[in-house]
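Numbered from 1 within each chain, the chains take letters A, B, ... in sequence-line order. These numbers come from a predicted model, not from an experiment.
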Number of protein chains: 2
Amino acid sequence: MGAKGQQGRKPRADVQRNRAALLEAAQRHFLRVGVGASLEAVAKEAGVGPATLYRHFPTREALLAAVLQTRSEELVARQEDIALLGDASEALRQWLRALEEYFSAFSGLPEPLMAAVREREPDNPLTLPCDELIATTDEYVRAAQLAGHARPSVKGYDLYLAAVSVAWIKGSGATDEESLDRLRALIESGYREQDGEE
Amino acid sequence: MGAKGQQGRKPRADVQRNRAALLEAAQRHFLRVGVGASLEAVAKEAGVGPATLYRHFPTREALLAAVLQTRSEELVARQEDIALLGDASEALRQWLRALEEYFSAFSGLPEPLMAAVREREPDNPLTLPCDELIATTDEYVRAAQLAGHARPSVKGYDLYLAAVSVAWIKGSGATDEESLDRLRALIESGYREQDGEE
DNA sequence: ACCTGAACACCGTTCAAGT
DNA sequence: ACCTGAACACCGTTCAAGT
């Protein structure tokens, strides 16, 4: 019980084309109407039948994970910029903002991301990337704590949750930038060590 | 443009019965499967046709608002208990917990509640109750600020958003009580005046 | 091995017909 | 005035048949 059969060396040309078309169509629809977009419409726009979509991506989460791949890579790239900062406090802050933007890529994205962490479902393709993001957040938090810029009681997962929350509120559209900024400030003064130099 | 026709004094007996049956069925389904429950199933369990449900509650939000009415009254009652406390800081804390529980009544409830505040839609029956809750939160925040227990920059809406967020995370099910408690603590130390007596 | 389109099931919403 | 059930549209998902 392992790989199914795609161990054959070269994927057929039409397979690659279909996959690419599906990913592009999916991204367009996710951008326009959110992660709940009609899969039938995605398939139609990609010029394939619905069954072909299911063959490539057996679940909506699988399609979503594939579309998010690009964004994840952007996050990694951004992580390198952040590492150049030196200042652990500023690095943590910027990482949280980057996380928030990532979660805001599509409307409704926070929902399946939270579901993916729910109960260690190894079949959910979103679980792995989420766990990585949580681990990375924890590293930034530890660094900030060592530098005396974050309370010792705070865990990386807490700030991960805070970032998802802000993204969810942003995505729900009920809130102006001002309120979001105040919410971010509230979170920040929530995890910051109070005797840090401002 | 005005009242439709229910200005007639006494609603017919079967109308009342249908309405009550619909509300009970809706509450059961919302409790079991969340606010996205099938309206067709609700109507069937209430023993009426789908069109009857639509006649009583033209939108899902209308049905939801009616079901929430009871919970809202419970919140008001709780508000009176809280007022007896005297301590503005503890009152605010307890109010936020009460809010969070209210938002957690059904899985998926935070979503339509946030949508209701989006853009002043006067036709959305959830907008009014939400605005009231926001106003009440603001009162608690002001009282705490006067007593020197909350930072002056914090607004009631900020803590309302924080409470919805916690409820959303709780409802998404991905998180144990410990993490939720740490998140609540983070929010609390985010709005608290740092020189308050602990 | 991969694709296609038909097929089934489920649901939201409305409408013509009843009482 | 209110109710009913049929009807339509849309979508997720699967399956038999093609190449």
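Computed from coordinates, the A:R17 CZ to C:dC2 P distance equals 14 Å when rounded to whole Å. Rounded to an integer number of Å, the gap from B:L53 CG to C:dC15 P is 17 Å. The CZ atom of A:R19 sits 19 Å away from the P atom of C:dA1 (whole-angstrom rounding). As a whole-Å value, the separation of B:H29 NE2 from C:dC11 P is 10 Å. Straight-line distance from the CD atom of B:E45 to the P atom of C:dC11: 13 Å, rounded to whole Å. Going from atom CD of B:E40 over to atom P of D:dC10 covers 17 Å, rounded to whole Å. Separating the CG atom of A:L39 from the P atom of D:dG12 is a distance of 5 Å, rounded to the nearest angstrom.
Within the 4.0 Å cut-off from OP1 or OP2 of C:dG12, at least one side-chain nitrogen or oxygen of B:S38 is found.
No side-chain heavy atom of A:L109 sits under 4.5 Å from any side-chain heavy atom of A:S104. Side-chain contact between A:V164 and A:Y102: absent, with no pair of heavy atoms (C-beta onward) separated by less than 4.5 Å.
In this structure, B:A37 reaches the sugar-phosphate backbone alone: every heavy-atom distance under 4.0 Å involves primed, P, OP1 or OP2 atoms, never a base.
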Using a cut-off of under 3.5 Å, enumerate the N/O to N/O pairs linking the protein to nucleotides 3-9 of chain D.
from: D:dC3; atom 1: OP1; to: B:N18; atom 2: ND2; distance (Å): 2.3
from: D:dT4; atom 1: OP2; to: B:G49; atom 2: N; distance (Å): 3.3
from: D:dT4; atom 1: OP2; to: B:T52; atom 2: OG1; distance (Å): 2.9

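Heavy-atom neighbours of B:K155 NZ from other residues, nucleotides or ligands within 6.0 Å: at or below the threshold of 12. With a 6.0 Å radius and a threshold of 12 heavy atoms from other residues, nucleotides or ligands, A:R184 has its CZ atom above the threshold.
Between the side chain of B:T52 and the backbone N or O of B:V48 there is no donor-acceptor pair closer than 3.5 Å.
Ring-plane geometry between B:Y140 and B:W95 is classed as parallel, the angle between the planes falling under 30 degrees on a 0 to 90 degree scale with a further cut at 60.
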Could you go through the side-chain contact (heavy atoms from CB on, under 4.5 Å) check for A:L92 and A:L159 one step at a time? CA-CA 10 Å; A:L92 175 56; A:L159 297 187; 4.2 Å; yes
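Here the OG atom belonging to A:S165 is positioned 13.0 Å from the NZ atom belonging to A:K170, to the nearest 0.5 angstrom.
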How would DNA chain C look in dot-bracket form, 5' to 3', counting Watson-Crick and G-U wobble pairs with both distances under 3.5 Å and writing | for bases paired to another strand? ||.|||||...|||||.||
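Ion pairing of A:E90 with A:R93 is present here, as a side-chain N (NZ or NE/NH1/NH2) and a carboxylate O approach within less than 4.0 Å.
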